[in-house]
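Side chains included, hydrogens not; waters and symmetry mates left out as well; all remaining heavy atoms used. Computed from a predicted structure; not experimentally measured. First the proteins, then the strands, lettered A, B, ... as listed; each starts at 1.
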Amino acid sequence: MDVRLSDAEKVFIIHGVQEGLRNDGRSCGDYRPMYVERGVLATTDGSSRVRIGGTDLLCGVKCELVECEDSSKETNRLEFSVDCSANASPQFIGRGGDAYAEELSDALHFAYDNERSIPDLAKLTLSPNHFWRLYVDIVILQYGGAIIDAAAVAAKAALFDTEIVEVVTRQADEKKMTIDLPQGHLTWKLDVKSAPLISSITKIGSTNVVDVTLGEETCSFAALWVGGSVQKAGTEPLVTMTRQAGGGSLDAASINDMIQMGVNAVGRLDAKLMERLAAEETTIPGQTFLA
Amino acid sequence: MNVLSEHGFRADGRRPEQIRNISCKLSVCPEADGSAYIEQGNTRIMCAVYGPHEATNRAKASEEGCSVSVQLSTAVFATLERKNRRRGDRKTTALARMLEKAFESVIVTSLFPRAQIDICCEIIQEDGSRLSSCINACSLALADAGIPMRGVVTCVTCSSVDGRPVVDISAREEMDTIPRLTLATLSGHDEVVLVEMENRVHMDHLSALMAASHAASSSIHQCLHAALQQHLSQTRAIL
């Protein structure tokens, strides 16, 4: 995470980006090769591992049956948490990564916090006093830039992988309901086709860049996180979240271009990810995944 | 539930004196000075070592030698039950202190006065013998970082069932009432670095338990040693 570049190196990167050339041969709108695996953790209901360049993160989804007084008043069906492991960077030792982790989980929560992201969300409500809560937990094992992009991909892949137990509700005393397991172990899956992805658009010099490496990150002052949900395959994503990150300020005039670039990036990424998720068989439980 | 079946097998099909499968990989974190990933059965741990660097904790800096600080964190999805606390609870802190003490006695600390070594363990999946798997991961990571040690520490948690020692226990066998002995030895020999006992064991059974633990620790040492040798032969310095 701690990359130190001299001024000359920074100028080289900035000038290169302005010409549309980056050090690793990509153009400004290109992602690095991305590896997505799902079903990697045996202790979860759904999981994924995403790698982009040096970035490596794990995501696990756990379902919890919550009993409450009135399930229509409880809104948080999906709960996101991010943890920056100290293995990623010495800066994350102790409580060092907490602020950044919170920023990430907040952005994910915000991107998913609407009816259009997961249309099935109502199916998680089982009875007036029971509902499923899905905990989406992300651990950052290695930090190599584009964390929020990878986190959103991991969350979508893990939710795609998640199998929720089929239960039946029965009437019980005092107008309450009870939950029972039906014959046979049946599971169902959430429809996550329109779950949002997030693209971080970074301003380097006066150019907008997708998926920055650590070196490029040191040359930038501000970034915009754009969350987009693809409602129908092949159409332009619906923007569900925009958020400024990176500390610096952005000129209002340049924001529109950045959002447009983010929307395009999300659209392309989503098409590829859905293709990959549909094609891939899950990893066998118990198989080693970091070898 | 019985730990040993009537035919002398355990729940996962092992014999009492059999350790779990170990697979490991070194230098997994490019950011760290040394790192290792280890799988012992279904326990999966990633460990990174930073340092020796200048002590950040002034109070701990000493002219005599470097201090070792260990951080243990567990992923919230590591066990079947979801845990809300990732780090900093009492049990984890106690384990971290034990790791610190064990490694302070193994690392040749006098070479690095006023310095500090940070060890960070991330438990990705937990299936029993947490302390011993962490120690094994840490010693691989320290070896990868090239920190001078008196030897490679290996550790194993064993139990005694009706007087019969059962080595390298998994979470299923780690029940409340069962006695547990955690033993760390140096280079697979008899030199003991750490002993930790939970619950009570009959005195008559202790010597058999200790002997089995020594044997298991030395077989784990053989595995780790082979992994280190293999890693070194792949990454020979170009001189």
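Contact tally against chain A (heavy-atom pairs below 4.5 Å) for Ala78(B), Cys121(B), Ser73(B): the top residue is Ala78(B). The choice from Ile93(A), Asp137(A), Asp45(A) that makes the most heavy-atom pairs within less than 4.5 Å of chain B is Asp137(A). For the set Ala86(A), Ser47(A), Ser85(A), Pro90(A), the count of heavy-atom pairs under 4.5 angstrom toward chain B peaks at Pro90(A).
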Derivation of the side chain to side chain contact (heavy atoms under 4.5 Å, CB included) call for Lys189(A) and Thr162(A) | CA-CA 6 Å; Lys189(A) 282 190 172 191; Thr162(A) 302; over 6 Å; no
Check step by step if side chain to side chain contact (heavy atoms under 4.5 Å, CB included) holds for Val210(A) and Asp30(A).
-> CA-CA 6 Å; Val210(A) 161; Asp30(A) 288 345; over 6 Å; no
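Between His109(A) and Phe80(A), the ring planes lie perpendicular to each other; the angle is over 60°, past the 30° to 60° tilted range.
Geometrically, Arg77(A) engages Phe131(A) in a cation-pi contact, judged by NZ or CZ lying under 6.0 Å from the ring centre and within 45° of the ring axis.
Contacts of Cys47(B) with chain A are made by backbone atoms alone, with heavy-atom separations under 4.5 Å and no side-chain atom involved. In this structure, the portion of Thr44(A) lying under 4.5 Å from any heavy atom of chain B is its side chain and not its backbone. Within the 4.5 angstrom heavy-atom criterion, only backbone atoms of Thr79(B) (N, CA, C, O) approach chain A.
Side chain of Glu174(B) to backbone of Ser129(B): a donor-acceptor contact under 3.5 angstrom is found.
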